[in-house]
Structure formats: C-alpha cells, structure tokens
There are 2 protein chains.
Amino acid sequence: MPSIRDVARLAGVSHQTVSRVLNEHPSIREETKQRVLDAIRQLDYRPNQAARALVTSKLNLIGILSATVGEFGPTASIAAIEEAAREEGYSVTTLNLPDTSPEAIGGAVRQLLREQVDGIVVLAPQVRVFHVLRGMAIGVPFVSLQTASGALEESVAPDQLEGARMATRHLIELGHVDILHLSGPQDWIEADSRMRGYLQALRDADLPTIPPIRGDWTADFGHYAGLELARRQDFSAVFAANDLMAIGLMHGFRDAGLDVPRDVSIVGFDDIPVAAHVWPPLTTVHIDFADLGRRAIARLLASLRGEAPSAEEPPAPALVVRDSAAPRR
Amino acid sequence: MPSIRDVARLAGVSHQTVSRVLNEHPSIREETKQRVLDAIRQLDYRPNQAARALVTSKLNLIGILSATVGEFGPTASIAAIEEAAREEGYSVTTLNLPDTSPEAIGGAVRQLLREQVDGIVVLAPQVRVFHVLRGMAIGVPFVSLQTASGALEESVAPDQLEGARMATRHLIELGHVDILHLSGPQDWIEADSRMRGYLQALRDADLPTIPPIRGDWTADFGHYAGLELARRQDFSAVFAANDLMAIGLMHGFRDAGLDVPRDVSIVGFDDIPVAAHVWPPLTTVHIDFADLGRRAIARLLASLRGEAPSAEEPPAPALVVRDSAAPRR
DNA sequence: TTGTAAGCGTTATCAA
DNA sequence: TTGATAACGCTTACAA
C-alpha cells in the first residue's frame with residue numbers, strides 16, 4: 001500500500017503538498033498539482049481513512065440503528081438513507097437490533113459510538129427504544145424516522161395519524177358504521193399512531209369505537225384474525241394497521257366463506273408492492289419511505305454542520321383507493 | 001473523549017499496560033487488570049478504532065456491495081450477513097449500486113476499498129458485474145451470493161437451477177404439457193439459472209420448450225404479461241421466475257377472466273411472506289435467504305483467516321405446494 | 001506556493 | 001509482569 005510519502009517522492013514534492021492536493025487546498029500551483037495527481041494515479045494511491053480519521057477525529061460515518069424485522073417500509077428507507085449519505089460523502093454502517101431489551105439497545109448504541117459514527121439514524125419504532133435513547137448521553141446527533149409521543153426533537157416521521165384517519169374516514173364515507181381495527185403490537189409507535197388516527201376518525205363521526213385487536217404485523221396473524229373474526233358478525237369493515245395483516249385477513253375471511261368487499265371491506269396501510277395485485281386489490285395508505293430516508297439524512301447532516309434544520313413538512317400519506325373496500329350494503 | 005493515557009494515569013500504570021488489558025494479553029497481574037478495568041469503566045473509555053486501525057492496518061470491516069432493488073430475498077440475506085458479521089466482531093458497511101455500468105461497479109469497489117474493508121460480500125446478480133469484478137485486482141477476499149456460469153471460486157449460491165427444475169417438474173407431474181416460463185431480465189444470473197432449470201426439466205420430459213418471456217421481476221410486469229398471455233391459449237401452466245411476477249400474473253389472468261388454477265396453473269419462486277396468503281395461495285420454491293447470508297460470512301471470514309473454506313453444501317431449495325397449481329384438466 | 005515539525009491514539013518492539 | 005520508545009499515515013500549525 002503506497003502512502004502519501006511514496007506519492008510525494010514520486011512527484012518530487014513534500015508529503016504536505018500531496019496532502020494539500022488531496023484536500024483541495026486553494027494555493028497550489030496547477031503544474032505541481034498535476035504532477036501529484038499523476039503520481040497518485042500511477043501508484044493507485046488511496047488515502048488511509050484510519051490515519052485521516054485519527055487526526056481529524058471524524059470518520060464521515062453514519063450509523064443506522066434498526067429494530068425492524070425486514071419489512072418493506074424500513075427497508076426502503078434504509079436503502080434511501082444509504083444512498084443519500086454516500087452522495088454527501090458519508091459512509092454508512094448498519095446495526096440490526098436482535099431484540100429491544102434496554103441492554104441490547106444500549107449495547108448497540110455503544111457499539112456504533114465505538115465505531116466512531118458521526119451521527120445515528122434510528123429506525124426503532126418501539127416506544128421503549130426511545131425511553132432508553134432518551135436516557136443515554138449519546139453525544140452525537142441523531143434522527144429518528146418515528147415520532148414518539150412527547151417526542152424527541154429530531155424526527156422526520158410522516159403523519160401516520162393523519163393517514164389512519166384518512167383510511168378510517170374512507171370506510172365511514174362508504175357508509176360503514178361498525179369498523180374494526182387490527183392494530184400493530186403494543187409498544188410500537190406506528191401501531192399507536194395508526195390506532196389513534198382510527199379512534200379519532202370514529203369519534204369525529206360520532207361512531208362507536210370497538211377495542212382494537214392487537215396483531216403482530218404478520219400476514220400469518222392476519223389470517224388467524226380473519227378466521228376468528230368471521231365468527232362474530234358485528235362489523236362490516238376492518239382497518240388493518242399494515243398491508244401484510246390486511247392480506248392475511250382477506251385470506252382468513254376467504255377461508256371462512258366471507259367475500260371481500262361484498263361482506264367485509266378492508267383498508268390496509270403502507271402500499272407494499274403487491275398491494276395492487278392481490279385479490280381483491282387492496283385499498284391502502286401510501287407512504288413514501290424513500291423520501292423519508294432522504295429527509296432523515298438531510299436533517300442529520302444539517303445538525304452535523306451546525307445548521308438549523310429546515311422546517312420542511314414530513315411527507316404526507318395518501319389514500320390509494322382500490323377494490324378491497326366498497327359501500328356498505 | 002478519554003484516551004488510553006487518561007486510563008493509565010487513573011489506574012497508575014503505563015498506557016502500554018492498559019493496551020495489554022484491552023487486548024487480553026496473557027501476562028498481566030489480575031490485580032493490575034482489575035484496576036485498569038475499573039478506570040476504564042469510571043471514565044467510560046472507548047478505544048479509538050481509527051488509531052487502532054492505523055497501527056494494525058485492519059479495520060475489521062466488511063463491505064456489502066449490492067445491486068438489487070430492495071427485493072425480499074437480498075434484503076433478508078443482507079440482514080443475516082450483518083448480524084453474523086457483528087457476532088464475529090466485524091462491522092459492516094453497505095453500498096447500493098444505483099446502476100450496473102462498469103464505471104459504477106468499479107467506483108463502488110474502489111469506494112469500499114478506500115473505506116478499508118477487509119472483505120467484500122457481493123449481492124450483484126447481474127452477469128456483467130461479475131465480468132467487471134473479475135477484471136479488477138481487488139486485493140481483498142470476496143464472496144458472492146450468486147454463481148455466474150464458469151464462476152468465481154467463492155460463492156455460496158443456492159442451487160437455483162435445481163429449484164427451477166423442481167418447480168417445472170411439479171407442473172409436468174400435474175399433467176401439464178404446454179408450460180410457459182416468465183423469466184427475469186437478461187443479464188441476471190438468477191434469471192438465467194432459473195430459466196435453464198426450466199428448460200432442462202422440459203427436455204428431460206421430452207416436452208416442447210417455448211421461448212421464455214423476459215420480465216423485470218416486478219408484479220406490474222406480471223400483470224401486464226397476464227393480460228397479454230390470456231389472448232393466446234396455447235398453454236396450461238406458467239412457471240414464473242419469482243413470486244412477485246407470479247402474483248402479478250395471477251392478477252392479469254383474473255382481469256382477463258381466466259381462473260387460476262382451473263384454467264392456468266402457476267408456480268412462483270422465492271416464497272415471499274405473502275405467498276401463502278394471496279388468492280390462490282401460491283405454489284412456489286422456498287429459498288433460505290438468511291442461511292445464505294450466514295454462509296457468505298462464514299466463507300469470507302475463513303478466507304480472511306487463511307483457513308480453507310468448509311466444503312459445505314449450499315442450502316437446498318424446497319418446493320412448497322399450495323393451491324396455484326392444479327392437475328391439468 | 002511550498003516545506004518542516006508536531007501530534008492524533010493506538011499497538012509492537014525491546015528492555016528492565 | 002511492566003514500562004519506555006518508536007512507529008502507523010495523515011492533518012494542522014508554523015516557517016520559509
């Protein structure tokens with residue numbers, strides 16, 4: 001591995017001059033610069049990041065702390081985060097939390113810190129993760145893709161509550177009165193917002209609220225719930241907290257001999273890529289996960305540079321009307 | 001940020017002794033060790049990775065080079081890779097290729113090298129990526145999750161060809177004779193293996209082979225293909241190269257008034273989480289993507305340590321029979 | 001515009 | 001079992 005001194009020797013200058021070329025220092029003679037550049041190319045020299053990081057105490061590294069289980073949304077956001085960060089000259093390291101115990105979270109943050117990250121993006125939608133995070137003196141800026149109630153300052157969450165209201169209102173406008181909610185697991189921020197949106201919409205319409213069913217985000221659970229729910233016929237519509245559960249739910253209803261949307265209307269949330277193609281095509285709420293990721297990076301880099309975060313609005317959710325919800329008969 | 005010298009001062013030893021404790025050097029008095037450990041805890045000292053990397057010229061960093069578009073399979077593998085690598089004390093940096101031009105690939109590898117990765121895991125299933133990789137003197141070990149024909153030595157690919165044969169054979173055993181293949185895009189290794197498996201199964205059964213249709217992995221394309229195919233009624237079964245296209249295909253057929261599996265049988269590939277819940281439940285080929293990722297890391301670390309790679313078999317694909325394929329009427 | 005010297009925080013080497 | 005000293009490859013200051 002050639003070092004900066006090898007380049008200097010070949011170009012006939014001091015290693016300091018090479019450093020200046022590398023860092024685009026203004027005062028350097030064009031000809032010298034070219035000589036150095038040539039030498040760099042000739043030796044296939046690459047600056048040693050470790051040495052650079054040692055002296056500047058900056059690695060230009062962003063850590064992603066994720067506690068999601070490989071679902072579509074977070075994955076799409078992570079890809080966007082990674083791309084946006086690299087565009088700005090940062091590299092990215094990802095750390096998936098195997099579980100969300102306080103110890104695991106603390107350990108993960110410490111690990112990221114040990115790796116000298118300059119900032120952290122958190123995709124850890126469990127409320128308890130936020131408690132732990134808030135209790136830690138992290139020492140580097142961080143941004144979250146979710147908002148806990150009474151939130152941390154830095155987050156770029158979309159308005160999930162509003163999305164859930166839109167979904168529920170859609171069912172109300174179709175004439176449904178007895179609307180169930182299949183929610184996400186306790187302790188999940190998203191599950192909570194979506195449930196609150198549902199409850200709000202019902203209250204606004206002076207409709208009875210029925211205690212939500214706690215699911216676990218999986219299609220398997222949706223299927224199970226569909227089978228169970230088919231027995232009680234006290235509802236005509238369900239708002240599922242995500243598409244996977246909605247699809248499982250349709251499966252369960254189908255197995256029980258119920259037709260969607262003739263007998264039951266369903267609305268999902270997320271707009272995953274298959275949503276438009278399942279039978280019946282799923283009415284759902286679209287979230288722009290990639291955009292979310294990009295905003296997170298913009299926000300993080302702003303605070304890394306000491307700029308004020310732009311007061312941009314988070315991306316708005318949008319209702320996508322397909323065929324799984326129909327007027328009440 | 002406390003340094004090793006601060007710890008040394010507090011513990012009343014030399015910084016070298018602290019270093020020994022850190023690196024679990026055998027000859028150190030237990031009592032001294034405890035004093036140092038206490039000091040470390042007291043100061044919340046964390047070793048500076050950059051300094052360590054500078055002197056050892058090892059960062060314990062693994063790079064993931066990915067050129068996939070956020071599909072289920074690669075994503076699951078990446079999560080597993082990340083976890084396995086961290087367990088072994090390596091951190092992980094991910095780099096998504098925006099496009100697969102030779103320049104982009106070369107740039108990405110150089111970028112990873114500049115970040116001082118000790119090894120690279122490649123999830124870049126396009127044939128051309130392999131050409132570029134092979135032409136580069138990379139200088140660090142790397143492992144691929146795909147096998148190009150006439151392959152690179154290091155890969156942990158599952159036997160996709162065999163999976164495709166199983167899928168096709170299943171249709172043949174159901175009595176189908178005119179079996180179509182909806183393949184993945186040209187230049188994709190997976191697309192190629194799956195297509196070859198399909199062709200082989202047909203040949204083995206002395207059945208006519210029909211030129212495959214080139215898709216792009218998306219459900220949208222599957223939908224379009226279903227609409228088009230519905231016009232020509234010269235087949236009774238389709239083997240789709242992935243589940244997303246299979247689901248889109250079912251949608252297209254449905255729109256055209258064809259019933260699956262009554263009029264057409266369909267088999268997919270991947271076994272994505274919704275496969276069991278769509279209508280009709282999708283017969284498909286299951287691949288253990290997480291296992292694949294873990295093997296990739298095992299392999300990479302073995303060559304990093306100079307060990308011989310274990311001659312383990314790649315994970316075997318498994319046919320999952322559900323309802324989208326039925327006996328030919 | 002260029003060069004020289006010092007130091008970043010760690011590990012490796014040698015000596016005690 | 002411990003300590004002193006010299007790197008590692010770079011950037012920052014200061015001097016020429």
Side-chain angles (χ1 to χ4, degrees), chain A residues 1-40 43-61 89 91 110-111 113-118 139-140, chain B residues 1-40 42-61 89 91 113-118 139:
Chain A
M1 270 282 142
S3 86
I4 198 171
R5 286 164 210 278
D6 299 314
V7 176
R9 200 172 315 123
L10 184 61
V13 296
S14 78
H15 76 278
Q16 185 44 238
T17 301
V18 178
S19 172
R20 290 199 179 95
V21 172
L22 254 24
N23 295 285
E24 288 169 344
H25 190 98
S27 53
I28 192 153
R29 197 150 36 114
E30 184 56 32
E31 191 220 306
T32 320
K33 183 173 168 182
Q34 283 310 325
R35 263 215 324 278
V36 170
L37 256 19
D38 280 348
I40 288 178
L43 295 175
D44 188 27
Y45 162 80
R46 287 182 234 111
N48 183 317
Q49 297 300 313
R52 185 173 273 180
L54 177 58
V55 64
T56 58
S57 61
K58 267 209 65 183
L59 250 183
N60 278 12
L61 211 209
S91 57
R110 267 192 300 278
Q111 175 61 29
L113 256 21
R114 206 173 311 132
E115 291 177 24
Q116 244 98 51
V117 297
D118 301 300
V140 303
Chain B
M1 270 284 142
S3 88
I4 199 171
R5 286 164 209 277
D6 299 312
V7 176
R9 200 172 314 122
L10 184 61
V13 296
S14 78
H15 75 278
Q16 187 43 240
T17 301
V18 177
S19 172
R20 290 199 179 96
V21 172
L22 255 23
N23 294 285
E24 287 168 347
H25 189 98
S27 52
I28 193 152
R29 196 147 40 110
E30 184 57 30
E31 190 219 307
T32 320
K33 184 173 168 184
Q34 284 310 325
R35 262 215 325 277
V36 170
L37 255 20
D38 279 349
I40 288 178
Q42 206 172 319
L43 295 174
D44 189 27
Y45 162 80
R46 285 181 235 113
N48 182 317
Q49 297 301 313
R52 185 174 271 181
L54 176 58
V55 65
T56 59
S57 62
K58 267 209 66 184
L59 249 183
N60 278 12
L61 211 209
S91 57
L113 256 22
R114 205 173 311 133
E115 292 177 24
Q116 244 98 53
V117 295
D118 301 301

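Sequence lines set the chain letters: A, B, ... in the order given, protein chains first and strands last, and positions in each chain run from 1.
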Colleague: Rounded to whole angstroms, how far apart are CD1 on Ile4(A) and P on dG3(C)?
Modeller: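 Checked: the CD1 to P distance equals 12 Å.
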Colleague: Tell me if the side-chain of His15(A) makes a donor-acceptor pair with the base of dT11(D), cut-off 3.5 Å, by modelled atom types.
Modeller: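 Side chain to base: pair found, below 3.5 Å.
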Colleague: Grab the CD-P distance between Gln49(B) and dC8(C) for me, whole Å please.
Modeller: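 Going from CD in Gln49(B) over to P in dC8(C) covers 19 Å.
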Colleague: Measure CZ/Arg35(A) against P/dT2(C) and give the value in whole Å, please.
Modeller: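 Rounded to whole Å, this separation is 8 Å.
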Colleague: Is Thr17(A) close enough to dG3(C) that one of its side-chain N or O atoms is under 4.0 Å from OP1 or OP2 there?
Modeller: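 Thr17(A) to dG3(C) OP1/OP2: side-chain N or O found under 4.0 Å.
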Colleague: Quickly work out the Glu31(A) CD to dT2(C) P distance and round it to whole Å.
Modeller: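 In whole Å, dT2(C) P lies 9 Å from Glu31(A) CD.
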Colleague: Counting distance only, does the side-chain N/O of Gln49(A) pair as donor-acceptor with the main-chain N or O of Gln116(B) below 3.5 Å?
Modeller: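 A pair under 3.5 Å: no.
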Colleague: Quick check on DNA chain C: between Val13(A) and Arg5(A), whose nearest nucleotide comes earlier from the 5' end?
Modeller: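 Result of the comparison: Val13(A).
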Colleague: Measure CZ/Arg9(B) against P/dT2(D) and give the value in whole Å, please.
Modeller: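 These atoms are roughly 19 Å apart.
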Colleague: Taking Asn48(B) for the side chain and Ala50(B) for the main chain, is one N or O donor matched with an acceptor at less than 3.5 Å?
Modeller: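 It does hold such a pair.
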Colleague: Could you tell me whether the side chain of Arg5(A) and the main chain of His15(A) form a donor-acceptor pair under 3.5 Å?
Modeller: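 No: the side chain of Arg5(A) does not pair with the backbone of His15(A).
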Colleague: How long is the straight-line distance from CD of Gln42(B) back to CD1 of Ile40(B), given to the nearest 0.5 Å?
Modeller: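 Rounded to the nearest 0.5 Å, the CD1-CD separation comes to 11.5 Å.
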Colleague: In whole angstrom, give the distance that lies between atom CG of Leu59(A) and atom P of dT10(C).
Modeller: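 Result: 14 Å.
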Colleague: With a non-hydrogen cut-off below 4.0 angstrom, is Ser3(A) in contact with a base, only sugar-phosphate, or nothing?
Modeller: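 Sugar-phosphate: the residue Ser3(A), judged by heavy atoms under 4.0 Å, touches backbone atoms but no base.
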Colleague: Categorize Leu54(B) for me: base, sugar-phosphate, or nothing, with a 4.0 angstrom heavy-atom threshold over every strand shown.
Modeller: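 The answer is base, as Leu54(B) lies within the cut-off (heavy atoms under 4.0 Å) of a base atom.
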Colleague: Is there a salt bridge (charged side-chain N to carboxylate O under 4.0 Å, His left out) between Arg9(A) and Asp6(A)? Walk through the geometry before answering.
Modeller: CA-CA 5 Å; Arg9(A) 200 172 315 123; Asp6(A) 299 314; 3.4 Å; yes
Colleague: At less than 4.0 Å, is any side-chain N or O atom of Asn23(A) found next to OP1 or OP2 of dT11(D)? Yes or no.
Modeller: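 So the side-chain polar atoms of Asn23(A) do come within 4.0 Å of the phosphate oxygens OP1 or OP2 of dT11(D), strictly under.
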Colleague: Over how many whole Å does the gap from Lys58(A) atom NZ to dC10(D) atom P extend?
Modeller: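 Distance, rounded to whole Å: 19 Å.
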Colleague: Of the nucleotides dG3(C), dC10(D), dA12(C), which has the atom closest to the Gln16(B) side chain?
Modeller: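 That would be dA12(C).
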Colleague: From CG of Leu22(B) over to C1' of dA12(C), roughly how many Å is that when rounded to an integer?
Modeller: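 The distance from CG of Leu22(B) to C1' of dA12(C) comes to 15 Å, rounded to the nearest Å.
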Colleague: Does Ser19(B) put a side-chain nitrogen or oxygen below 4.0 Å from OP1 or OP2 of dT11(C)?
Modeller: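 Result: yes.
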Colleague: Contact class for Thr32(B) vs. all strands (heavy atom < 4.0 Å): base, sugar-phosphate, or nothing?
Modeller: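 If one applies the 4.0 Å heavy-atom cut-off, Thr32(B) turns out to touch the sugar-phosphate alone, with no base involved.
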Colleague: Tell me whether the OP1 or OP2 atom of dT2(D) has a side-chain N or O from Arg29(B) closer than 4.0 Å.
Modeller: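 It does, given that an N or O in the side chain of Arg29(B) lies less than 4.0 Å from OP1 or OP2 of dT2(D).
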Colleague: Applying a 4.0 Å non-hydrogen cut-off, can you work out what Thr56(A) is touching in the nucleic acid: base, sugar-phosphate, or nothing?
Modeller: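 Thr56(A): backbone/sugar contact only, no base atoms under 4.0 Å.
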Colleague: Between Arg20(B) and Ala50(B), who's closer to the 5' end of DNA chain C by nearest nucleotide?
Modeller: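 By nearest-heavy-atom nucleotide position, the 5'-most residue is Ala50(B).
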